[in-house]
Structures are given as C-alpha cells and as structure tokens.
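First up is the structure itself, then whatever we jot down about it.
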Amino acid sequence: MSVAERVAAEALIVDVDGFEGPLDVLLTLSRTQKVDLRKISVLQLAHQYLAFVEKAKALRLELAADYLVMAAWLAFLKSRLLLPPDPTEEGPSGEELAAHLAFQLERLQAMRDAAARLMGRDRLGRDFFARGQAEDVARIKTVTYTATLLDLMQGYARIRTRDEFRPFVMDRDSVFTMEQALERMRPLIGFAGTWTDLTTYMPDGWDTDPVRRRSATAATFAASLELVKEGHLEIRQTETFAPIQLRRKDERS
Amino acid sequence: MTEESDAEETPSDSLFQAPPMGEQERMVEAVLFASAEPVSVRDLESRMPHGCDAAEALVRLRKRYEGRGVQVLKIGDAWAIRTAPDLGFLMQKETVETRKLSRAAIETLAIIAYHQPVTRAEIEEIRGVSVSRGTVDQLLEMEWIRFGRRKMTPGRPVTFVVTPQFLDHFGLESARDLPGLKELRSAGLLENRLPPSALPTVSDKDEDDEDIGAGQPELFED
Amino acid sequence: MTEESDAEETPSDSLFQAPPMGEQERMVEAVLFASAEPVSVRDLESRMPHGCDAAEALVRLRKRYEGRGVQVLKIGDAWAIRTAPDLGFLMQKETVETRKLSRAAIETLAIIAYHQPVTRAEIEEIRGVSVSRGTVDQLLEMEWIRFGRRKMTPGRPVTFVVTPQFLDHFGLESARDLPGLKELRSAGLLENRLPPSALPTVSDKDEDDEDIGAGQPELFED
C-alpha cells in the first residue's frame, strides 16, 4: 500500500460516521480507481471495501449492520467472480451481480451530480427575486378558508396520537349530564319534605366506577343548584366537606 | 467621487467605467421591482457599479414604461413601480383574505376523509369532543364535504363524505390516496410527542348550544 | 359560457368583445407585477374581461421582456415576473437566507425531482441507506415536495413529487427542464432497474416490471 493509499484509508476510517451507508463508501473507494464508473473493477472494489471493514474492526469502530451485510455480500461476490461458474448453481451470475452494483454506483453518482447542478442553479431569493412589494389596490374583501394536505394529515395524525392520551377525554357513556340529573330529580323532590342527603338522588348504577360517580355527582349537584335557583329546593352544608343536604322549599312560606 | 474625475484621466479608467446606459436601466428596473419600498436615487447608485447615473436611467425607464400596464413613479424622493391606475380593477383578487381552517375543522375534515361515510356521532367518537354545527356547516359551504347515504342503523343517521372539490383541492385522485398511519409515521408526522390537547383551555369553543352536552366535552378541546 | 355563443350572434356582442391584444398584454403585465406568487392562466383570465386570451398575451409579454432587468417566467401552469439572475448582486438587501439542507436532504430532493413520482423504497434503493423521517419532513415543510399518487404496486405505496414552489425556487418551467435530465435518461440512469435477486437492499421491495412501466407516464406529472 502506498503512503497516499494509506492516508486515504485512514481518512475513511476516521470519517466513518460521515458516510451515508455502504454504497457511499463504495462510491468513495471507487474514486481511487480513477476510471469511468462504467469500467470499474468490482473485484478490486470488493477488495478495497473488505479492507476498509477490516481496518474499522481493527480500530474497534462500531460499524452499522448495513456495512457488515455489504461486506458479507461482497465477499460472496468476490468468490463468485474468482471461481469458474458452476453450471448447477442457480441465481444470477457473478458478472450480473457486479454489473448491477456498478449500475447502482453510477446511478448514485449521477444523482449526486444532478443534485449539485440543481443546487448550483440560480435560485429564488438568492440570485433572482420576486416582487418586493405585492400591490394591494383592491377594496373587495372576501374570506376564503384554506388548508393544505399536510394540515389535513397532521390533523389526522394529531387525533390518532391523542388516542394514546385518552385520560383527558371523557367517554360519552361515562358522562351524566345536568339535563339528565334535572330530569331525574324533578319528580323526586316533591317527596323531600325533610333534609335529605344529596347522594340519595344519585342515579342507580353510577356509584361504583369513580369516573361515572364523579360525573353523576357533579351533574346532580349542578342540577340541585339549578332547582334552588328556580325556587323548588333548599340546600345546606353544615361545614366544609360535610354532606350536602336538600329539602323541598315550602312554597307558601 | 474622486474616482470619477480620475476615471477620465487615468489609464485605470476602464476599471471604473460605468456599464452602458441600457445595462443601467436593467439594473434600476430589477431593483425597483424587487424592493419592498420605493428606492431613492442615492440608494440606487450605492447599489449599482461605480459611475452609474441612476437618475438618467430612471428617466429612460419611466419613458419605456409609458402606456404599459405598470408605471415608474416618483413617490416623495424615491422611485417605485406601480400598476397603471386604469388597471386597478384587476387587482381585486389581491385582497382576498385566506385564512387557515380552524383546527377543529381540519380534524373533522380529516376524519371524514379517512373514515367516510361517517356519521356525526362517529366523528365525535374519534375526535373525543363534540363537533359543532358551525364546523360542519363551514365544510359543507366550502363544498369539501356533502351528505352521504343514511346509515342503516337505529335512527338512520346521515353520513358525511368528501366531494370531488375536496379531492381537487388536495390534489388527490381518490380518498384512498391519502397516506395511511404507517406512512404518516414514517414521514415524521406522527411523532409521539405529547399532544397540545393535554392542556385544556376554553378558547376556540364552538357556540352551538343546541348540541346537548356540547359544553362539557368541548372543555377538553385544544 | 352562454355569453360566448350569444356574443357571436346577438347585437350585444360588443359588450363581450375582448379588449385588443395590446390591452390584454398590459393587463397581464399589471397582474404579474402586482403578485409575488406565480399566477395561473386560469386565474388571470378569471380576472380579465370576458374573452381575453391570457396565454397569448403572456407569450407576447415574455418576448417584450427578453433581455430586460426583469423576466416573464413560466412556472408549471403559472407565470411570474422575476429579476434577471445576472443582477442578483444588486439585491443583497432582498436576499433571504435559505435553510441549509443536509447532504441527505439534497440528494433525496434530487432523486424525487429526477425520478418522480418515486416511493420511499425507491429513494432508499438509489441512496443505499434508509431515508430518515426528518429529511422527508423537512422537504415537505419547505413545500418543495408533496405526496403524489399511490403506486399501483402491492401495498400501493405513496409517492413523492416536487411542487410548483420547487420549480419557482430553482427557476424551472417544468420538471422536464431539470438540468441533465435527457442525458441521464438516455444513459439509463433514471431506470428503476431491478437488483438481481441476491443483492442486499435496504428494505423489502416487491415490484415487478409491469409496475415500473406503469410509473413512467407519471414522471412529469405536474
């Protein structure tokens, strides 16, 4: 190995994090061959890549699995290319595999060149410019609402993500509304001549599940206040946190 | 300043020779076009190569635009390009105000698109909050949704489906082309960050009193 | 619609007669000057008096501005006025800092532009690495790419295509004008050549030749 080659190999290893996958490494290695990518020696490239992986191992660098898969495959390819073809063997020949790899490298290089040309074009806001002051002559004002597909998808994603945070959303079947509580209480309060605990007005079947109990309590309490406001009920609580009691309001007094 | 007089006498003058007047006119034209505000002669000259005569270029440019759809106007000490007054009627569209659809509307629309035909109750089930009449009305009015067939379930509730206008707006061939959850996730749209809805606020409440129970679940809306 | 046929037969036709072409050119000029965004032919015609031929007026206008400080550009289906690129040096004040894109993002963008409509699996096949969520997300957010039609292959994967904003940013009339596109195509480098079975791939792909053929006509979908 020449000094230059060694330096190049070292640089590769140091930079291993900078590579965008095994194909990128192969492309970089192929540059040392200094030939048209179409005439590249895949065999030589396989050698170089395996050496690169060995070196990385020697330096105890962690290589991602992709790199190792590629190494194993190139070792396989190497053996196929070196050994005379076995007519009983199925699948693509070594040459076919090598040709496809060369194609992949050429295509990746072509895309990189294309990307560079694209980014090197005159660009809006840097080389050429839009109208600096869009004119605002009109007096007609209409409002249209708009949304992009991205908004739509983000909105949907938001809802679906929210599913995992259900505690903040009450299920309908656990909600006892004030209207329901009122409906329940109106016929009952006629019999409440004496002070009666609020809890006795709670609907049946709503006292075991804490979520349901909370909703029913809140609704019953709110309905009681409503009935007090309407002048049908009296309400009292002897001290903080003591039971709340209800009594029919004597209409004559 | 000093270079100007130097330029006439010294051999270095080609270095400082101003571009031809046609070129100067182009420059003034581009700057007036791209600038957000009217530009003064002094400002123009400070941007242009040394030795340019912006005032002269402006006079020529103004002449060039005479009778065109836009004019070169002097506004105070500065210059700008403006629409010809007789064409003001064409600018009406410039003030169409576009507003983003509300989050409630976007979410409702998304659910209809992904789950159609879907009933109001089903939308509420998925969103976890009640859907105000205003939201549905707005989407109907925009012609992005319409009523579909009634469901063959008790009460025969109406369903909602998206319209061809909807597909057109979002560049979709059919609602089936909408990316699925897996694709949303791989595009980074479905991060597992805590949804903003975790903080209940009372803003953005729909004013629809007719929906029984609407008040309470809405409390938990974003 | 009805007016058009009426105009040919009834005496009221002068009411609907389109203004002379010179006048139409002025109108198109005024609207394009006033707008920072590209304006579609359809949009132009909806704003101009009935019977105008905006497309023709645009062609004339483009010619009129040849070699001037600003140019009339076609971007996809729409038109815009933009300053001449050689005068960018005058515009330091107007220059906007564009977000620096990572190498992965730039490559992904180029692959989408040259291979569109293209699936994530195809992008990964070309780059030899998986495409990170953030990369696609960033390009979507910049509105340089968007979701295209689904591919008619098993799993119906979504595709990505570039947007009119992309064309506008890079001064391209259409995706057909991408630099070097023809050469790349004739060199076979835009083909979706299938790997011989034993090649390692980033992700499982199962597409047959039929589907690749199906994808091709959409290459330059707008």
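Lettering follows sequence order; numbering is per chain, from 1. Only a predicted model underlies this, so the values are computations on that prediction, with no experimental measurement involved.
Of all the heavy atoms in P179(C) and R121(A), the pair that sits closest is CD-NH1, 4.0 Å. In terms of heavy-atom proximity, E125(C) sits nearest to H100(A) at OE2-NE2, 4.0 Å. Nearest approach of P85(C) to D122(A), heavy atoms of both residues: CB-OD2, 3.0 Å. Between P22(A) and G128(C), the shortest heavy-atom distance links the atoms CD-O, 4.1 Å.
For the pair L32(C) and R131(A), the minimum side-chain heavy-atom distance is 4.5 Å or more. By the 4.5 Å heavy-atom criterion applied to side chains, Q104(A) and R127(C) are not counted as neighbours. Looking at Y114(C) and M111(A), their side chains come closer than 4.5 Å, going by heavy atoms from C-beta outward. With contacts defined as side-chain heavy-atom distances shorter than 4.5 Å, the pair L118(A)/F166(C) qualifies. With a 4.5 Å cut-off on side-chain heavy atoms, F103(A) and L189(C) count as touching.
In this structure, the separation between CE on M91(C) and CZ on F128(A) is 11.5 Å, given to the nearest 0.5 Å. Interatomic distance, CG of L190(C) versus CZ of R107(A), reported as 9.5 Å (0.5 Å rounding). To the nearest 0.5 Å, the span separating CD on E20(A) from OG on S102(C) amounts to 7.0 Å. L124(A) CG to T83(C) OG1: the interatomic distance, rounded to the nearest 0.5 Å, is 8.5 Å.
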Any chance you could lay out the side-chain contact (heavy atoms from CB on, under 4.5 Å) test for L108(A) and E107(C), step after step, and finish with the verdict? CA-CA 9 Å; L108(A) 180 59; E107(C) 277 180 31; 4.0 Å; yes
Salt bridge (Lys or Arg N to Asp or Glu O under 4.0 Å), that's the test. Do D24(A) and R103(C) meet it? Break it down for me. CA-CA 12 Å; D24(A) 189 24; R103(C) 191 172 137 199; 2.9 Å; yes
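The part of A84(C) that comes within reach of chain A is its backbone (N, CA, C, O), which places non-hydrogen atoms under 4.5 angstrom from that chain. Only the backbone of I81(C) comes within contact range of chain A, judged by heavy atoms closer than 4.5 Å.
Looking only at heavy-atom pairs under 4.5 Å with chain A, the residue among D86(C), I106(C), I126(C) that has the most is I126(C).
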